[in-house]
Number of protein chains: 2
Amino acid sequence: MAELDLFRFVPFRLNRLAAEVSHALSEEYQTLYGLDIPEWRVMATLGFRDDACSAQFIAQCTRTHKSTISRAVTTLLARGLIERVENSIDRRAFELRLSRHGKTLYDELIPRLLAKEKDILSCLTAQERRDFAHALDKIERSLDLVQTRHPHKADAY
Amino acid sequence: MAELDLFRFVPFRLNRLAAEVSHALSEEYQTLYGLDIPEWRVMATLGFRDDACSAQFIAQCTRTHKSTISRAVTTLLARGLIERVENSIDRRAFELRLSRHGKTLYDELIPRLLAKEKDILSCLTAQERRDFAHALDKIERSLDLVQTRHPHKADAY
DNA sequence: CTTAATTGGTTGCAAGTGAGACTAGTTTAG
DNA sequence: CTAAACTAGTCTCACTTGCAACCAATTAAG
């Protein structure tokens, strides 16, 4: 008969680990800056790309449902952390970018999050960290999770 | 200024990967057997330990909230997949175990899930898989996620 | 041109889940 | 023995989120 040890079962471990890490990080963006995960993802996507982009694009590259992104965008607009301008070519779509205020928050938050990540991974040696990242790369690629294109606003998509 | 590439940020990657893997697996336990994740976790814990155990124990070792486990137990009882007997020593607690029916389902499901896991990890070499598991070990330990004890029903806890 | 299909984005709804109150039973302290 | 502290499990509440219907704008087909 087949045996399964839940604690050696990778899908379970990934779930548990992701939940725990999210929880640890939420201390930073949630408690300190009042952002939830979808909001943080929008901020991160806009902050990393200096270019403006659409909600659709953010949804696709963060693999988050468009309704979730839509709600996050609404909140961030209300807080003045992002700005939205109509796209002159396609009047359905909007171009999103960080506001000056949002950029300030982003620049404050990033070092904290990177420190937290570093902290979590500090139990691994440098080589182990590289290997771990490499394994994630391969698994993501094989599951087709990778965003190969970073389309610019002009991209048809 | 600090830069953060969301796609190289481990917490984000873990979240996305865990969600994707869960989704892939749910095909098996959800679609085929009508179990959701908490229900599956209860089944897996009971199936792996031949011993009976309490809801509390399942909650602790799967790191799932006790109310979530409680609901899963209720559903599984109604479906006759598990059995519950009063604990003669402590009348607050119940001993849970798989029913014959539940055991049959478990034995059918396990090979499918293991195959799916193998499939997901097949993009890694044997050595990479070992390294990956090892890295998970270390991170889990450093985050104190590891269930060091497998308490038996007599355990005070 | 006109109609149908598609796409960006929003919203209502329902299912799932964590927090925490609550009940019942147990243990510890005095 | 009694009261206080604690624990197992259930339940209600609030919140999050995925789904699907929807609206408006755009593009494709006839």
Side-chain angles (χ1 to χ4, degrees), chain A residues 15-16 18-20 22-24 26-27 29-31 34-42 45 52-78 82 84-96 151 153-157, chain B residues 15-16 18-20 22-23 26-27 29-31 34-42 45 52-78 82-96 151 153-157:
Chain A
N15 245 299
R16 195 178 54 163
E20 192 71 13
S22 282
H23 190 76
S26 76
E27 190 63 27
Y29 49 72
Q30 176 78 264
T31 309
L35 299 174
D36 63 19
I37 291 185
E39 284 159 19
W40 150 244
R41 286 185 178 176
V42 171
T45 307
C53 57
S54 69
Q56 189 62 212
F57 172 67
I58 299 174
Q60 284 177 5
C61 70
T62 62
R63 293 236 158 191
T64 308
H65 196 276
K66 63 177 182 166
S67 62
T68 305
I69 295 297
S70 172
R71 284 184 268 255
V73 165
T74 303
T75 307
L76 294 173
L77 280 172
I82 63 176
R84 168 165 97 160
V85 296
E86 264 195 14
N87 184 323
S88 47
I89 305 167
D90 184 339
R91 292 214 326 279
R92 289 170 304 181
F94 299 98
E95 291 178 8
L96 301 170
K153 53 186 166 186
D155 280 9
Y157 231 67
Chain B
N15 246 298
R16 194 178 54 164
E20 191 71 13
S22 282
H23 189 76
S26 74
E27 189 63 26
Y29 51 72
Q30 176 78 262
T31 310
L35 299 173
D36 63 20
I37 291 185
E39 285 158 19
W40 150 244
R41 287 186 178 176
V42 171
T45 307
C53 56
S54 69
Q56 189 61 211
F57 172 68
I58 298 174
Q60 284 177 6
C61 70
T62 63
R63 291 236 158 191
T64 307
H65 197 276
K66 62 178 182 166
S67 61
T68 305
I69 295 297
S70 173
R71 286 184 270 254
V73 165
T74 303
T75 307
L76 293 173
L77 280 171
I82 63 176
E83 295 167 346
R84 170 165 97 160
V85 296
E86 264 196 15
N87 184 323
S88 47
I89 305 166
D90 185 338
R91 292 212 327 278
R92 290 169 304 180
F94 299 97
E95 290 179 9
L96 301 169
K153 53 186 167 186
D155 280 11
Y157 231 62

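Residue numbers begin at 1 in each chain, while the letters A, B, ... track the order of the sequences. All figures in this text were calculated on a predicted structure; none of them were measured in a lab.
- The distance from atom CD1 of Ile69(B) to atom P of dT7(D) is 19 Å, rounded to the nearest whole Å.
- Note: CD (Glu95(A)) to C1' (dG8(C)) measures 13 Å, nearest angstrom.
- A donor-acceptor contact shorter than 3.5 Å is absent between the side chain of Ser70(B) and the backbone of Lys66(B).
- If you take CG on Leu96(B) and CD on Glu83(B), they are separated by 10.0 Å, rounding to the nearest 0.5 Å.
- One can place CD of Glu86(B) at 11 Å from P of dG9(D), the figure rounded to the nearest angstrom.
- In this structure, Val42(A) and Ile69(A) have side chains that are in contact, with non-hydrogen atoms separated by less than 4.5 Å.
- Remark: Tyr29(A) engages Trp40(A) in a ring-ring contact (aromatic ring centres under 6.0 Å, His included) (not counting sequence neighbours).
- Side chains of Ser26(B) and Ile37(B) form no contact here, defined as non-hydrogen atoms less than 4.5 Å apart.
- In this entry the distance linking CZ of Phe57(A) with P of dT7(C) reads 18 Å, nearest Å.
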- [ ] Would you sketch DNA chain D in dot-bracket for me? Only Watson-Crick or G-U wobble pairs with both distances under 3.5 Å count, crossing pairs as [ ], other-strand pairs as |, the rest as dots.
- [x] ||||||||||||||||||||||||||||||
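- Asn87(B) is not listed as a side-chain neighbour of Ser54(B), based on a closest heavy-atom distance of 4.5 Å or more.
- Side chain to side chain, Thr62(A) and Arg41(A) fail the donor-acceptor criterion of an N or O pair below 3.5 Å.
- In this structure Arg92(A) satisfies the salt bridge (Lys or Arg N to Asp or Glu O under 4.0 Å) test together with Asp90(A), sequence neighbours excluded.
- Interatomic distance, Ile82(B) CD1 to Glu39(B) CD, rounded to the nearest 0.5 Å: 9.5 Å.
- Judged by distance alone, the side chain of Ser22(A) and the main-chain N or O of Ala19(A) form no donor-acceptor pair under 3.5 Å.
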Task: Sequence-aligned protein contact record of nucleotides 24-29 of chain C, with B where the base is within under 4.0 Å of a protein heavy atom and S where only the sugar-phosphate is - done: BBS---
Return the polar atom pairs (N/O with N/O) between nucleotides 17-21 of chain D and the protein under 3.5 Å, or none.
from	atom 1	to	atom 2	distance (Å)
dG18(D)	OP2	Thr68(A)	OG1	2.6
dG18(D)	N7	Arg71(A)	NH2	3.2
dG18(D)	O6	Arg71(A)	NH2	3.1
dC19(D)	N4	Ser67(A)	OG	3.3

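- Shown here are the salt bridge (Lys or Arg N to Asp or Glu O under 4.0 Å) partners of Arg91(A), two or more places apart in sequence or in another chain: there are none.
- Atom-to-atom, CD1 of Ile58(B) to C1' of dT10(D) comes out at 15 Å; the value is rounded to the nearest Å.
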